[in-house]
> 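Can you keep this structure in mind? I'll have questions shortly.
We name chains A, B, ... by the order of the sequence lines, and we start the count at 1 in each one. Source: prediction; values computed, not measured.
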2 protein chains.
Amino acid sequence: MKPAAARRRFELFLKERKLRVTQQRLDILDLAWETHDHFSAEQMFGWARVRNAHASRATVYRTLNLMLEGRFLSSFEASSGAALFEHALGHNHHDHILCLKCGKIEEFHCDAIEKLQEQEAQRLGFQLVDHALILEGHCASCSSTDEL
Amino acid sequence: MKPAAARRRFELFLKERKLRVTQQRLDILDLAWETHDHFSAEQMFGWARVRNAHASRATVYRTLNLMLEGRFLSSFEASSGAALFEHALGHNHHDHILCLKCGKIEEFHCDAIEKLQEQEAQRLGFQLVDHALILEGHCASCSSTDEL
DNA sequence: TTCGTTGCAAACCTTTTGCACTACG
DNA sequence: CGTAGTGCAAAAGGTTTGCAACGAA
């Protein structure tokens, strides 16, 4: 989804839920669409600050959660404990693999894994709603330069 | 691993690392082996309190981390944000599926998924160290009684 | 005008840490 | 005895919340 389209859909989303279209909400959406990287709530707060977008930390958190509910963003837990967000691009769902040394994050998608997850859930009588898969290891450049 | 064996191995582990075998450490190990359920640090603190095991919250956290390092326990992140622990029984590695309504936790293991994770990591040039897979959904009894 | 939203700071929750005291080896 | 471990309370890190002021509809 392109920035303009995202913004339009976000406004619609807000109106459908009878929520107000505020400058802060739009600014945060725009900022989220300006990076192709994963970002934390704190980073977003910093960007807003730098860009005079005037959103308080509380509003940043509230808006990120709102965008999560509307599936404008997805998030996963970094090993630090903080949540990392990324905008939904209309891309297929993907999972993440983190380098434990340099912190690099790569995305991957594997249909076979998804199908097997669904199968396992069914086998256990669960109706699958969501899943979180995070792989951790050493990336190519980090493992080429280490002994440990 | 049975309680007695766990305790013996834990004492060995401590001695190998030149750490002291304290009453608190043994009590916490015993308590961990008294449940077949997943437990949080706070729960363990409560048990210790009730049982006069006299371990402070700080000691509980420190000891749980120690047992994690020694692979006496494994842990994963509950959706609440708190870590859930379970004793290592010598069982094979397994993943978890949580019911979003009643909180029930089931374990499962799927070799095919593990292999595919390894493949994906290799494909991306990563040397896989660990992974976390958590499925979330509605369990059989919760999905039979709901409309949502 | 009205009610949802914001900003601030305080509260929260989980986990870690500094330091004086305790106890294992 | 000497040093690692413990308990306490305070700090830390991330996120949520209560409430008065603000602003979109």
> Apply side chain to side chain contact (heavy atoms under 4.5 Å, CB included) to residues B:Thr63 and B:Gln24 and explain how you reach the verdict.
CA-CA 8 Å; B:Thr63 303; B:Gln24 288 88 335; 5.5 Å; no

> Name the residue closer to the 5' end of DNA chain D, choosing between A:Leu19 and B:Thr59 according to the nucleotide with the nearest heavy atom.
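Nearest-nucleotide comparison on DNA chain D picks B:Thr59.
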
> If we ignore hydrogens and angles and just use 3.5 Å, is the side chain of A:His109 paired with the main-chain N or O of A:His93 as donor and acceptor?
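Judged by distance alone, yes, a pair lies under 3.5 Å.
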
> Do side-chain atoms of A:Ser143 reach the backbone of A:Cys139 as a donor and acceptor pair under 3.5 angstrom?
yes

> Kindly list each side-chain donor-acceptor pair under 3.5 angstrom involving residues 69-76 of chain A, sequence neighbours excluded, with atom names and distances?
unit_1  : atom_1 : unit_2  : atom_2 : d
A:Glu69 : OE1    : A:Arg17 : NH2    : 2.5
A:Ser74 : OG     : A:Glu86 : OE2    : 3.4

> Taking all non-hydrogen atoms of both residues into account, name the closest pair between B:Leu29 and B:Arg7 and its distance.
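Shortest heavy-atom contact: CD2-CA, 3.3 Å.
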
> Of B:Arg57 and A:Thr22, whose nearest nucleotide on DNA chain C comes first from the 5' end?
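Mapping each residue to its closest nucleotide by heavy atoms, the 5'-most match is A:Thr22.
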
> Hey, which of these two, B:Ala83 or B:Val21, hits DNA chain C nearer its 5' end, going by closest nucleotide?
B:Ala83

> Estimate the overall bend of the helix from C:dT1-D:dA25 to C:dG25-D:dC1 from the end axes over five pairs each, rounded to 10 degrees.
30°

> Would you call the rings of B:Phe10 and B:Phe13 parallel, tilted or perpendicular, taking 30° and 60° as the class edges?
parallel

> I need the full list of salt bridge (charged side-chain N to carboxylate O under 4.0 Å, His left out) pairs touching residues 114-128 of chain A, with sequence neighbours left out, sorted by first then second residue.
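Output for this query lists A:Glu120-A:Arg123.
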
> Contact class for B:Ala82 (heavy atom, under 4.0 Å): base, sugar-phosphate, or nothing?
sugar-phosphate

> What pairs with A:Val21 under side chain to side chain contact (heavy atoms under 4.5 Å, CB included), at least two apart in sequence or on another chain?
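Counting only residues at least two positions away or on another chain, A:Val21 forms a side chain to side chain contact (heavy atoms under 4.5 Å, CB included) with A:Glu11, A:Leu14, A:Lys15, A:Leu26.
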
> Can you list, by residue number, the residues of residues 60-78 of chain A that have a non-hydrogen atom closer than 4.0 angstrom to DNA chain D?
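Those residues whose heavy atoms fall under 4.0 Å from DNA chain D, taken from residues 60-78 of chain A in numerical order, are A:Tyr61, A:Arg62, A:Asn65.
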
> Please evaluate residues A:Arg62 and A:Met67 with respect to the criterion side chain to side chain contact (heavy atoms under 4.5 Å, CB included), reporting the C-alpha separation (whole Å), side-chain torsions for both, the decisive distance (0.1 Å), and the verdict.
CA-CA 9 Å; A:Arg62 284 189 277 234; A:Met67 291 169 71; over 6 Å; no

> Counting only heavy atoms and a strict 4.0 angstrom limit, can you tell me which residues of residues 23-36 of chain A come near DNA chain D?
none

> Test question: given the 4.5 Å side-chain rule for I, L, V, M, F, W and Y, name all other residues clustered with A:Leu124, or answer none.
A:Ile97, A:Phe108, A:Ile113, A:Leu116, A:Phe126, A:Leu128, A:Leu133, A:Leu135, B:Ile97, B:Phe108, B:Ile113, B:Leu116, B:Leu124, B:Phe126, B:Leu128, B:Leu133, B:Leu135

> Mind checking what makes side chain to side chain contact (heavy atoms under 4.5 Å, CB included) contact with A:Glu77, not counting sequence neighbours?
none

> Nearest 0.5 Å, what's the CD1-CG distance between B:Ile134 and A:Asp130?
10.5 Å

> Run the ring pair (Phe, Tyr, Trp, His ring centres under 6.0 Å) test against A:His87 and tell me which residues pass, sequence neighbours left out.
A:Trp33, A:His36

> Quick one: how far along DNA chain C does chain A reach, first to last nucleotide 5' to 3', anything under 4.0 Å to a heavy atom?
C:dC3 to C:dC8

> How do B:Lys18 and B:Arg49 order along DNA chain D: which one's closest nucleotide is nearer the 5' end?
B:Lys18

> Between side-chain atoms of residues 43-50 of chain A and protein atoms elsewhere (two or more places apart, or another chain), which donor-acceptor pairs fall under 3.5 Å?
none

> With heavy atoms of chain B within less than 4.0 Å as the criterion, where does contact along DNA chain D begin and end?
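Nucleotide range with atoms under 4.0 Å of chain B: D:dG2 to D:dC8.
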
> Side chain to side chain contact (heavy atoms under 4.5 Å, CB included) between B:Ser141 and B:Lys104: does it pass, once the steps are laid out?
CA-CA 10 Å; B:Ser141 48; B:Lys104 182 161 66 188; 4.2 Å; yes

